[in-house]
Amino acid sequence: MKKWLAALLAVMLLALPLSGLAESPDELMEKALDAGLTLETQISLIPGNLPFGEDINTPVSDLLSALSIYQLSSREGRNAFALQLSGKDAFRVDWEDADGGFYVLSNWLGEDAISFNDEELAATITRLSELMGEAANVSAEELNKALSSLEISQPEFTEEEIAKVTDYIQTLMERVEVSEVTQQPRNCDAAEEMLTLTLTAEDIAQYYEVVFDIMLQNEEMMNFLHQLNFTATVDGEAMTVEEAMEQFPDKIRAQADAIGEIPMTIYLDSNGEPVMLTMDMNIVPEGGEAVAMNFEMTRQTTSDGIGWAANMEISENGAPLAGLTVSYLADSQTMDVFTLVVVAKQEGADDVEMLNISYLGDKDYAADQAKETATLSFSFRPEVDQEALALTLESTTEASFDGTSAALNNTANLYLTGEKEPILTQTRTVASVDAPASLAEGEVVTPGTMDDAAFQTFLNQELTTITSSGTKMLQLLPESVLQILLPALSMM
């Protein structure tokens, strides 16, 4: 049962869409940035009823109380991020694109801003590679080759490669039978047309052969998989990804009798859009007996918006094992709703809820102001006979933007479900401020233009500053945290 619960938990979720002409609180802030405003954000944490015990509660509470985050944002101009302890910048970095160069200023890198253009940056990287190579007793060329091997590039598929997949799917679609709906399905919008298609293990095997052939011929894709050290296991035997791609389709064919036929039905409305999909199929786990999976997805339109729901149940020899339900409300002007529930099913006993994630957001959006309240609940049960961990996050956000100024205030409280006092409270405030002076107007150093001696001096100074900054950061930590941290550091 555990493996099927794990499989259900691995289902990918789609993000909830936000729609409408009015803007959400965060969208209003983006609109303010687009209008040329500079925004200042401050995030603070307030510890509450921590559940860890007195010995741990005290240092955790002190650290959370001391910790805050600062951010400066603008589309054009200076940006900044700071991690603050006890109101002071433990780490801060400012950056800006200006005058054809990139400028960076950090309290960990000295008092002056550092500037590069593209050519200077390339020259500096080459210099650093040479110095690192000397320290490691390897050539700069060998080091650059080693560093480049660490870069993971995202593979891309050509239109021709994608067409091979769509062409195969089209051959399957030619077998689709179309008929008029004579009996309306339940819990969905009105359907007028019904599409039916029956797949087999051979169809699935051929699909994988098409996809794997494309991947094997795509050098970028194979390099990507190799860089990720991707390996595969088939029937308990470890093998390379290439070997797995060659063998997997035949493994599906070998399970043809157990997989059987896979009937699919799609119901369409008068606009040819899907309102319901059903599919039944058998799955054969490695080294196990075949289990049945029943899947149903529906669309139902109400005055609140368009509701989507998906239900999946896995059973073995007619006995239910696990179930998954996902639902969300789309295209709503007033609310966002999402739920995900995973249950373990036991013969002769009630279903046991293993995972529950639910979100309810009330929206009051207008052109120049927005208010949003949201509740996110989460519960997880590691084993059927164990107690569930349950948390609830309640959030309220108000924002405004009148064309010349902007503001946002957010408070979020995290509770152990059933408790009245929060574990933790986060406050976030955003306000428009005057743009600070450009980094290009202050003191600037340009490492890319230095000779070798000056560059070596610059590096030595930066290393000294970084070491000193790390020490200063430790000194900003609360005493209760240092009492735990310092003995651990002294043993390293």
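Every heavy atom of this structure was used, including side-chain atoms; hydrogens, water molecules and symmetry mates were not. Counting begins at 1 with the first residue of the sequence.
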If we only count heavy atoms from C-beta on, is the [X] to [Y] side-chain gap below 4.5 Å?
X	Y	result
Tyr207	Val165	yes
Pro422	Leu414	no
Arg299	Asp269	yes
Leu389	Leu416	yes
Ile262	Asp280	no
Phe458	Met450	yes
Leu39	Leu33	yes
Arg428	Leu408	yes

Nearest heavy-atom pair of [X] and [Y]: which atoms, and what distance?
X	Y	value
Glu353	Val343	CA-CG1, 4.1 Å
Val275	Ala191	CG2-CB, 3.9 Å
Pro478	Asp62	CG-O, 3.5 Å
Pro25	Tyr365	CD-CE2, 3.8 Å
Asn107	Asp89	ND2-O, 3.1 Å
Arg127	Pro447	NH1-O, 3.4 Å

When you look at [atom1] of [X], are more than 12 heavy atoms from neighbouring residues, nucleotides or ligands closer to it than 6.0 Å?
X	atom1	answer
Asp118	CG	no
Gln184	CD	yes
Glu273	CD	yes
Asp434	CG	no
Asp350	CG	no

With no hydrogens and no angle check, just 3.5 Å: does a side-chain donor-acceptor pair link [X] and [Y]?
X	Y	value
Thr471	Ser468	no
Asn409	Thr429	no
Glu421	Tyr415	no
Glu313	Asn294	no
Ser332	Asp304	no
Ser73	Asn79	no
Ser379	Asn356	no
Glu96	Ser438	yes
Ser395	Asn410	yes

Going from [atom1] on [X] to [atom2] on [Y], what distance comes out if it is rounded to the nearest 0.5 angstrom?
X	Y	atom1	atom2	value
Tyr208	Met215	OH	CE	11.0 Å
Leu45	Thr427	CG	OG1	7.5 Å
Ile306	Asp331	CD1	CG	4.5 Å
Ser65	Leu85	OG	CG	11.5 Å
Phe338	Tyr328	CZ	OH	9.5 Å
Glu394	Thr375	CD	OG1	5.0 Å

Chi angles and distances behind the side-chain hydrogen bond (donor to acceptor under 3.5 Å, both in side chains) call for Asp26, Ser24:
CA-CA 6 Å; Asp26 287 323; Ser24 70; 5.7 Å; no

Next on the checklist: Pair Val433, Thr38 - check side chain to side chain contact (heavy atoms under 4.5 Å, CB included), show working.
Outcome noted: CA-CA 6 Å; Val433 296; Thr38 298; 4.0 Å; yes

- prompt: Stepwise, does the side chain to side chain contact (heavy atoms under 4.5 Å, CB included) test hold for Thr465 with Leu109?
  reply: CA-CA 6 Å; Thr465 303; Leu109 296 175; 5.8 Å; no

Report the residue from Leu340, Leu376, Val337, Thr339 that forms a side-chain contact (heavy atoms from CB on, under 4.5 Å) with Ser358.
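For Ser358, the side-chain contact (heavy atoms from CB on, under 4.5 Å) test succeeds with only one of Leu340, Leu376, Val337, Thr339, which is Thr339.
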
### Message
Please evaluate residues Asn187 and Thr298 with respect to the criterion side-chain hydrogen bond (donor to acceptor under 3.5 Å, both in side chains), reporting the C-alpha separation (whole Å), side-chain torsions for both, the decisive distance (0.1 Å), and the verdict.
### Response
CA-CA 7 Å; Asn187 303 323; Thr298 59; over 6 Å; no

Without swapping roles, check the side chain of [X] against the backbone of [Y] for a donor-acceptor pair under 3.5 Å.
X	Y	result
Thr467	Leu463	yes
Arg78	Ala437	yes
Ser327	Ala309	no
Asp99	Gly101	no
Asn218	Ile214	no
Glu372	Glu398	no

Show your working on side chain to side chain contact (heavy atoms under 4.5 Å, CB included) between Leu105 and Trp95 and close with a plain yes or no. CA-CA 6 Å; Leu105 173 67; Trp95 65 93; over 6 Å; no

Does this structure show an ion pair linking Lys371 with Asp362, if we count only N-O contacts that are shorter than 4.0 Å?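 Result for this pair is no, no salt bridge flagged.
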
Open item on the list: Whether Glu30 and Arg75 form a salt bridge (side-chain N of Lys/Arg under 4.0 Å from carboxylate O of Asp/Glu) is what I want to check.
Closed with: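 Result for this pair is yes, salt bridge flagged.
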
Apply side-chain hydrogen bond (donor to acceptor under 3.5 Å, both in side chains) to Ser61 and Thr58, showing your working. CA-CA 5 Å; Ser61 177; Thr58 297; over 6 Å; no

Task: Trace of the side chain to side chain contact (heavy atoms under 4.5 Å, CB included) decision for Leu268 with Met276 - done: CA-CA 7 Å; Leu268 306 178; Met276 175 181 264; over 6 Å; no

- Query: In a check of side chain to side chain donor-acceptor pair (under 3.5 Å) between Tyr70 and each of Glu40, Gln84, Gln42, which one passes?
  - Reply: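 Testing Tyr70 for a side chain to side chain donor-acceptor pair (under 3.5 Å) against Glu40, Gln84, Gln42 leaves exactly one candidate, Glu40.
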
Could you label the plane-to-plane angle of the Trp108 and Phe91 rings as parallel, tilted or perpendicular, counting under 30° as parallel and over 60° as perpendicular?
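Plane angle over 60°, so perpendicular.
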
If you apply the rule side-chain hydrogen bond (donor to acceptor under 3.5 Å, both in side chains), what do you find for Ser106 with Asp94, and how did you get there?
CA-CA 6 Å; Ser106 174; Asp94 293 55; over 6 Å; no

